[in-house]
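Structure first, then comments.
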Amino acid sequence: MYQTFIGLEVHIHLLTRSKVFCGCRSAFGDEPNSNVCPVCMGYPGVMPVLNIEAMRMGCLVARALNCRIPEKTWFERKQYFYPDMPKNYQISQFASPLGQEGWVEVEGGGVKKRVRIRECHLEEDAGKMIHTGTVSLLDYNRAGVSLLEIVTEPDMESGEEAELFVQQLRRAVRYLGVCDGNMEEGSLRADANVSLNLAGQGLGKKVEIKNLNSSRFIRLGLNYEIKRQSAMLDAGRTIVQETRLWNENRDETAPMRTKENAQDYRYFPEPDLPVFTPDEDFLKSVDAGLVELPLPRARRIEADYGLNEEQAFLICEEKALADYYESAVEEAVKLGLEQKDAALRVANRLLTEVKHILSREKIEPARIGELRLSSHRLAELTALVACGKISNKNAKQALEAVFAEDKDPATLIKERGWEQINDPAVISEAVKQVWEAEAETVASARAALEAGNQKKVKSLSAYLVGKTLAATGGRASPEIAGAQVEALLRVDD
Ligand code: ADP
Ligand code: ZN
Ligand code: MG
């Protein structure tokens, strides 16, 4: 009976080498207070200088989110006092942010929705407070780090949709190479705003859940708030506009403070930074960074290669993985496979065996391109299986060996004697041996055949085929061995 409105403010750390208004190193995990200077410490009289790379990355995200980049964009001071902010104001953007009025299509797991982007603005991050016992410590390494804030319109309606939005945004900024998306380290964090109202009555009084550092917490926090607010409305109570925090130990939100309004910040144009006018060259350099984003890429791979949605989404999870996949398919086609056949075979191997190696060896999927089991080698192995040079079973071993020994599949297969046996005479020898060793099974299979017990025939002949393959070290062609076992069961000795 209530309508839910959710809007997100997502902060991402841009992967600039230095901070946004000074030359200090921008890195996570360095010795506290080692990356600071008079500018980011807010000493009187110092002058900020815009890091053009931060502006370029910010505009790139804006473009990827279909935002308009205005003719002029500038910075404002947002005043407030907080111990982690030595200047007592934050340089941010207010009246003309670098990206305006965009939208993004959010899709997956049955959800399909357009979320409008209100704006993207560039600002500086604050330092970090570490509370230990009775004291609070301050690390200013993060003060002044380039931060891009992406603000949506309140277009989402559930915790699940918001989670999906953030996951998709995370993948996109990683594809663009502007943010590592590491939510645990705070490289991507979100404030979630939610209100409920009677259907048709427009937005309700909003509650903001601050500093959510996992997409799961975004979903849980929002769904908790939706329940809490709807119970309050049911009871005829009014919702207070406030900021709350997610308590991950108690799985609930708790009040933090009542929210200030924009006018409380006394925004005014930053006098020490000139207005930025993106010229043609700058916009060209922004567009040079555009890549096919994960969602359209998954849709294309689904359509062109005949994969299902789940496979396509898994492959496009990481740009390096998708690049590896597409290059392996292309190579396999060059080796003579039909495209859809190659696409399916490579997808199956990639999503099972190769991914298994990655997780076992604790190799980030982003580094799949450095694997000794290169996309070329995976393609080669796939082609060898397709043309019957190696059995599927031995292909798994071969794949592991290629990874471990850094050799081409063809070389390895020859060295190990793993070539598939397709010679009927050789396989027939193996079947004969099995016939002698498994006389009892053969007899019961025949009895079952006579009795018309198809199920039993099937399982017993599978057993005999298995024995035949084992007798050849897994090298006999399963198709030929199967046909021979089948035929031999039907003839009397
Ligand atoms: P504030 O001034 O408190 O920062 P904004 O209007 O700038 O609020 O909006 C911040 C975020 O909150 C945006 O993502 C916006 O979509 C969302 N939002 C604003 N009003 C509501 C509301 N009534 N219900 C849900 N979300 C809202
Ligand atoms: Zn500095
Ligand atoms: Mg706001």
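Positions are given from 1, in the same order as the sequence printed here.
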Nearest 0.5 Å, please: how far is CD in Glu326 from CG in Asp304?
8.5 Å
Ring of Trp103, cation from Arg114 - is the NZ or CZ under 6.0 Å from the centre and inside 45° of the axis?
yes
Whether Arg367 and Glu318 form a salt bridge (side-chain N of Lys/Arg under 4.0 Å from carboxylate O of Asp/Glu) is what I want to check.
no
Regarding Lys128 and Asp139, does a basic nitrogen lie under 4.0 Å from an acidic carboxylate oxygen?
no
Pairwise side-chain contact, Ser230 with Glu225, heavy-atom cut-off 4.5 Å (strictly under)
no
Using a 3.5 Å cut-off and no angle test, enumerate the donor-acceptor pairs between side-chain atoms of residues 328-336 and protein atoms at least two apart in sequence or in another chain.
unit_1	atom_1	unit_2	atom_2	d
Glu331	OE1	His376	ND1	2.9

With sequence neighbours left out, the residues meeting salt bridge (charged side-chain N to carboxylate O under 4.0 Å, His left out) with Arg377 are Asp406, Asp408
Which residues pass the side chain to side chain contact (heavy atoms under 4.5 Å, CB included) test with Ile239, sequence neighbours left out?
Lys205, Val207, Gln229, Met232, Leu233
Heavy-atom pair with the smallest gap, counting every atom of Arg189 and Leu147
NH2-CD2, 4.2 Å
Set of salt bridge (charged side-chain N to carboxylate O under 4.0 Å, His left out) partners for Arg170, sequence neighbours left out
none
Heavy-atom check, side chain of Val10 versus side chain of Glu149, under 4.5 Å:
no
Is a donor on one side and an acceptor on the other found under 3.5 Å between the side chain of Asn394 and the backbone of Gly474?
yes
If you measure only the distance, is there a donor-acceptor pair under 3.5 Å linking the side chains of His11 and Glu9?
no
Per the side chain to side chain donor-acceptor pair (under 3.5 Å) rule, what does the pair list look like for residues 456-474, sequence neighbours excluded?
Glu438-Tyr463
Would you find a donor on one side and an acceptor on the other, under 3.5 Å apart, between the side chain of Arg244 and the backbone of Thr253?
yes
Taking atom types as modelled and ignoring hydrogens, do the side chains of Asn66 and Glu101 form a donor-acceptor contact shorter than 3.5 angstrom?
no
Value for CE (Met1) from CG (Leu196), rounded to nearest 0.5 Å, stands at 10.0 Å
Can you name the closest pair of heavy atoms from Glu107 and Phe313 and give their distance?
O-CE2, 3.9 Å
How would you list, by chain and number, every residue that makes a ring-ring contact (aromatic ring centres under 6.0 Å, His included) with Phe282, sequence neighbours excluded?
Phe276
Can you say whether the rings of Tyr224 and Trp246 are parallel (under 30°), tilted (30 to 60°) or perpendicular (over 60°)?
perpendicular
Should the heavy atoms of other residues, nucleotides or ligands under 6.0 Å from CZ of Arg216 be counted, would the total exceed 12?
no
Work out which heavy atom in Ala471 is nearest to a heavy atom in Gln433; give both atom names and the distance.
CB-OE1, 4.4 Å
Evaluate the side-chain proximity of Tyr2 to Leu198: yes if any heavy-atom separation is below 4.5 Å, no if none is.
yes
Taking the side chain as everything from C-beta on, heavy atoms only, tell me whether Val61 gets closer than 4.5 Å to Ile12.
yes
I'd like to know if the side chain of Ser374 reaches the main chain of Glu370, judged simply by a donor and an acceptor atom lying under 3.5 Å from each other, with no hydrogens or angles considered.
no
Passes salt bridge (charged side-chain N to carboxylate O under 4.0 Å, His left out), Glu486 versus Arg490? Steps please.
CA-CA 7 Å; Glu486 186 89 343; Arg490 283 164 208 277; 3.5 Å; yes
Using side-chain heavy atoms (C-beta onward) and a distance below 4.5 Å, is Arg56 in contact with Ser285?
yes
Applying side chain to side chain contact (heavy atoms under 4.5 Å, CB included), can you list everything that pairs with Asn35, at least two apart in sequence or on another chain?
Arg25, Asp30, Asn141
Any side-chain donor paired with an acceptor under 3.5 Å for Ser18 and Ser26?
no
Side chains of Val104 and Leu295, heavy atoms from C-beta outward: is any pair under 4.5 Å?
no
For Arg475 and Gln420, test the side chains for any donor-to-acceptor distance below 3.5 angstrom and give the result as yes or no.
no
Backbone of Leu8 reached by a side-chain donor or acceptor of Asn193 within 3.5 Å
no
Counting only N and O atoms by type, is there a donor-acceptor contact under 3.5 Å from the side chain of Ser195 to the main-chain atoms of Lys206?
no
Closer than 4.0 angstrom, basic N to acidic O: yes or no for Arg228 and Glu252?
no
Any ring pair (Phe, Tyr, Trp, His ring centres under 6.0 Å) involving residues 319-365? Give me the pairs, sequence neighbours left out, ordered by first then second residue.
Tyr305-Tyr325
If you define the side chain from C-beta out and look only at heavy atoms, does anything of Met129 sit under 4.5 Å from His131?
yes
Ile480: partners by side chain to side chain contact (heavy atoms under 4.5 Å, CB included), with sequence neighbours left out:
Asn422, Ile427, Ser477, Gln484
With a 4.0 Å cut-off on N to O distance, would you call Glu161 and Lys113 a salt bridge?
yes
Distance (rounded to the nearest 0.5 Å) between Leu148 CG and Cys120 SG:
5.5 Å
Close side-chain approach of Arg63 and Ile69, heavy atoms under 4.5 Å:
yes
Check salt bridge (charged side-chain N to carboxylate O under 4.0 Å, His left out) between Asp323 and all other residues, then give those that pass, not counting sequence neighbours.
Arg297, Lys319
Mark yes or no for whether Arg116, through its side chain, and Gly102, through its backbone, hold a donor-acceptor pair below 3.5 Å.
no
Among residues at least two apart in sequence or on other chains, which ones pass salt bridge (charged side-chain N to carboxylate O under 4.0 Å, His left out) with Arg372?
none
Contacts of Asn182 that satisfy side chain to side chain contact (heavy atoms under 4.5 Å, CB included) - sequence neighbours left out
Asp180, Glu184, Glu185, Ser187
